[in-house]
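For reference, the structure discussed in these notes is given below.
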Amino acid sequence: MPNKTPAPPNTTCDVYHQGNAPPNPPDVAGLPVFLQGRFGNLKPPAAAVYTHVMHVAIGADVRFGNNEQVYIPDKNGTKFSVTFVQRIRAGGGNDYKEVYLYRQAVNWPSTNL
(Lines give C-alpha, C1' and ligand atoms only; values in the text may rest on other atoms or scores of the structure.)
Protein backbone atom coordinates (compact mmCIF):
# COMPACT_ATOMS: atom_id res chain seq x y z
CA MET A 1 0.00 0.00 0.00
CA PRO A 2 1.47 3.38 -0.94
CA ASN A 3 2.08 5.91 1.81
CA LYS A 4 -0.47 8.67 2.22
CA THR A 5 0.41 12.24 3.03
CA PRO A 6 -1.67 14.39 5.33
CA ALA A 7 -3.87 16.96 3.61
CA PRO A 8 -3.42 20.57 4.72
CA PRO A 9 -6.02 21.87 7.20
CA ASN A 10 -9.20 23.35 5.71
CA THR A 11 -11.05 24.13 8.97
CA THR A 12 -10.79 23.85 12.76
CA CYS A 13 -12.65 21.96 15.47
CA ASP A 14 -13.23 21.95 19.21
CA VAL A 15 -12.88 18.55 20.91
CA TYR A 16 -14.93 17.48 23.93
CA HIS A 17 -13.97 14.37 25.91
CA GLN A 18 -16.45 12.24 27.84
CA GLY A 19 -18.32 14.21 30.51
CA ASN A 20 -17.72 17.59 28.90
CA ALA A 21 -19.98 19.45 26.45
CA PRO A 22 -20.79 22.99 25.32
CA PRO A 23 -21.26 25.60 26.66
CA ASN A 24 -18.25 24.50 28.78
CA PRO A 25 -14.80 25.22 27.34
CA PRO A 26 -13.55 22.43 25.04
CA ASP A 27 -10.83 19.99 26.07
CA VAL A 28 -9.01 20.86 22.84
CA ALA A 29 -9.85 24.23 21.26
CA GLY A 30 -9.25 25.42 17.70
CA LEU A 31 -7.58 22.23 16.47
CA PRO A 32 -6.54 22.63 12.78
CA VAL A 33 -8.03 19.75 10.74
CA PHE A 34 -8.66 18.58 7.22
CA LEU A 35 -12.31 17.54 6.85
CA GLN A 36 -13.83 15.63 3.96
CA GLY A 37 -17.34 14.23 3.49
CA ARG A 38 -17.64 10.47 2.98
CA PHE A 39 -21.37 9.96 2.69
CA GLY A 40 -20.95 6.80 0.60
CA ASN A 41 -19.99 4.96 3.77
CA LEU A 42 -23.49 4.95 5.25
CA LYS A 43 -24.04 1.24 4.77
CA PRO A 44 -25.31 -0.33 7.99
CA PRO A 45 -24.66 -2.68 9.66
CA ALA A 46 -21.02 -1.57 9.38
CA ALA A 47 -18.93 -1.70 12.53
CA ALA A 48 -18.20 2.02 12.32
CA VAL A 49 -20.67 4.02 10.25
CA TYR A 50 -19.30 7.45 9.37
CA THR A 51 -20.18 10.48 7.28
CA HIS A 52 -16.87 12.36 7.31
CA VAL A 53 -13.14 11.73 7.65
CA MET A 54 -10.88 14.18 9.43
CA HIS A 55 -7.07 14.34 9.43
CA VAL A 56 -5.33 15.68 12.54
CA ALA A 57 -1.74 15.92 13.74
CA ILE A 58 -0.39 12.72 15.28
CA GLY A 59 -0.15 14.39 18.70
CA ALA A 60 -3.73 15.73 18.71
CA ASP A 61 -5.80 14.55 21.68
CA VAL A 62 -8.71 13.03 19.74
CA ARG A 63 -10.02 9.68 21.01
CA PHE A 64 -12.78 7.18 20.30
CA GLY A 65 -14.79 4.78 22.40
CA ASN A 66 -15.60 7.24 25.17
CA ASN A 67 -18.37 9.36 23.69
CA GLU A 68 -15.86 11.74 22.09
CA GLN A 69 -17.49 14.70 20.31
CA VAL A 70 -16.06 17.31 17.95
CA TYR A 71 -17.72 20.53 16.85
CA ILE A 72 -16.74 22.11 13.54
CA PRO A 73 -15.60 24.86 13.24
CA ASP A 74 -16.00 25.44 17.01
CA LYS A 75 -18.35 24.70 19.94
CA ASN A 76 -21.11 26.68 18.20
CA GLY A 77 -20.82 24.63 15.01
CA THR A 78 -21.96 21.22 13.81
CA LYS A 79 -21.63 18.29 16.22
CA PHE A 80 -19.91 15.05 15.19
CA SER A 81 -19.39 11.80 17.11
CA VAL A 82 -16.01 10.09 16.75
CA THR A 83 -16.56 6.50 15.57
CA PHE A 84 -12.94 5.44 15.01
CA VAL A 85 -9.38 6.80 15.06
CA GLN A 86 -6.39 5.27 13.33
CA ARG A 87 -2.76 6.23 12.86
CA ILE A 88 -1.63 6.67 9.27
CA ARG A 89 2.05 5.96 8.83
CA ALA A 90 2.93 8.38 6.06
CA GLY A 91 6.66 8.08 6.75
CA GLY A 92 9.28 10.80 6.79
CA GLY A 93 7.83 12.36 9.94
CA ASN A 94 4.42 12.88 8.27
CA ASP A 95 2.39 10.41 10.38
CA TYR A 96 -1.08 11.65 11.29
CA LYS A 97 -4.40 10.44 12.70
CA GLU A 98 -7.37 9.69 10.49
CA VAL A 99 -10.57 10.28 12.47
CA TYR A 100 -13.90 8.84 11.33
CA LEU A 101 -16.88 11.02 12.24
CA TYR A 102 -20.67 10.71 12.21
CA ARG A 103 -22.46 14.02 11.74
CA GLN A 104 -25.28 14.64 14.20
CA ALA A 105 -28.58 16.32 13.35
CA VAL A 106 -28.26 19.86 11.99
CA ASN A 107 -30.81 22.58 12.74
CA TRP A 108 -31.69 24.07 9.34
CA PRO A 109 -31.18 26.60 7.97
CA SER A 110 -27.48 26.45 8.85
CA THR A 111 -24.32 28.02 7.49
CA ASN A 112 -22.33 25.16 9.06
CA LEU A 113 -21.75 21.72 7.53
Side-chain angles (χ1 to χ4, degrees):
M1 174 187 289
N3 288 339
K4 293 181 173 183
T5 56
N10 60 5
T11 190
T12 59
C13 78
D14 285 351
V15 179
Y16 286 85
H17 299 314
Q18 183 177 12
N20 192 15
N24 293 329
D27 295 292
V28 180
L31 179 65
V33 303
F34 172 79
L35 182 71
Q36 182 177 35
R38 293 281 177 89
F39 297 98
N41 293 294
L42 292 170
K43 300 173 190 153
V49 174
Y50 57 99
T51 60
H52 292 74
V53 174
M54 180 173 80
H55 296 172
V56 298
I58 194 67
D61 190 8
V62 179
R63 313 166 189 171
F64 79 99
N66 290 318
N67 197 26
E68 186 90 346
Q69 306 292 321
V70 299
Y71 291 78
I72 296 176
D74 57 30
K75 69 181 183 179
N76 298 311
T78 302
K79 179 180 176 182
F80 293 81
S81 294
V82 176
T83 62
F84 188 74
V85 177
Q86 70 175 345
R87 180 179 184 157
I88 302 296
R89 297 188 183 275
N94 290 322
D95 292 6
Y96 62 97
K97 290 180 183 175
E98 195 166 68
V99 181
Y100 296 83
L101 303 171
Y102 186 80
R103 184 174 72 186
Q104 303 300 298
V106 176
N107 293 324
W108 300 102
S110 174
T111 57
N112 290 321
L113 302 172

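These numbers come from a predicted model, not from an experiment.
Of the inter-residue distances, the one linking Tyr96 atom OH with Gln86 atom CD reads 8.5 Å to the nearest 0.5 angstrom. In this structure, the separation between NZ on Lys79 and CZ on Arg103 is 14.0 Å, given to the nearest 0.5 Å. Atom CG in Leu31 sits 12.5 Å away from atom CG in Asp74 (nearest 0.5 Å). Between the OG atom of Ser81 and the CD atom of Gln69 there is a distance of 3.5 Å, given to the nearest 0.5 Å.
Without hydrogens or angle criteria, Lys75 side chain to Pro23 main chain gives a donor-acceptor distance under 3.5 Å. Within the 3.5 Å criterion, the main-chain N or O of Leu35 finds a donor-acceptor partner in the side chain of Asn10. Looking at Asn20, its side chain does come within 3.5 Å of a backbone N or O of Pro25 through a donor-acceptor pair. Put simply, the side chain of Asp14 gets close to the backbone of Gly30: a donor and an acceptor are under 3.5 Å apart.
Following chains of ILVMFWY side-chain contacts shorter than 4.5 Å, one can reach Phe64 starting from Val53, so the two form part of one hydrophobic cluster. Both Phe84 and Val33 sit in one connected hydrophobic cluster of ILVMFWY residues. Membership requires side-chain heavy atoms under 4.5 Å apart, directly or through other members.
Counting heavy atoms from C-beta outward, Pro26 and Val15 have side chains that stay 4.5 Å or more apart. Looking only at side-chain heavy atoms (C-beta outward), Glu68 and His17 come within less than 4.5 Å of each other.
When all heavy atoms of Tyr50 and Tyr102 are compared, the pair lying nearest together is CA-CD1, 4.3 Å. Closest heavy-atom contact between Ala60 and Lys97: O-NZ, 2.6 Å.
For Tyr16 and Tyr71, the distance between ring centers is under 6.0 angstrom.
Ring geometry for Phe80 versus His52: interplanar angle over 60°, hence perpendicular rather than tilted (30 to 60°).
Test Val62, Val85, Thr83, Val82 against Leu101 for side chain to side chain contact (heavy atoms under 4.5 Å, CB included) and you get one pass: Val82.
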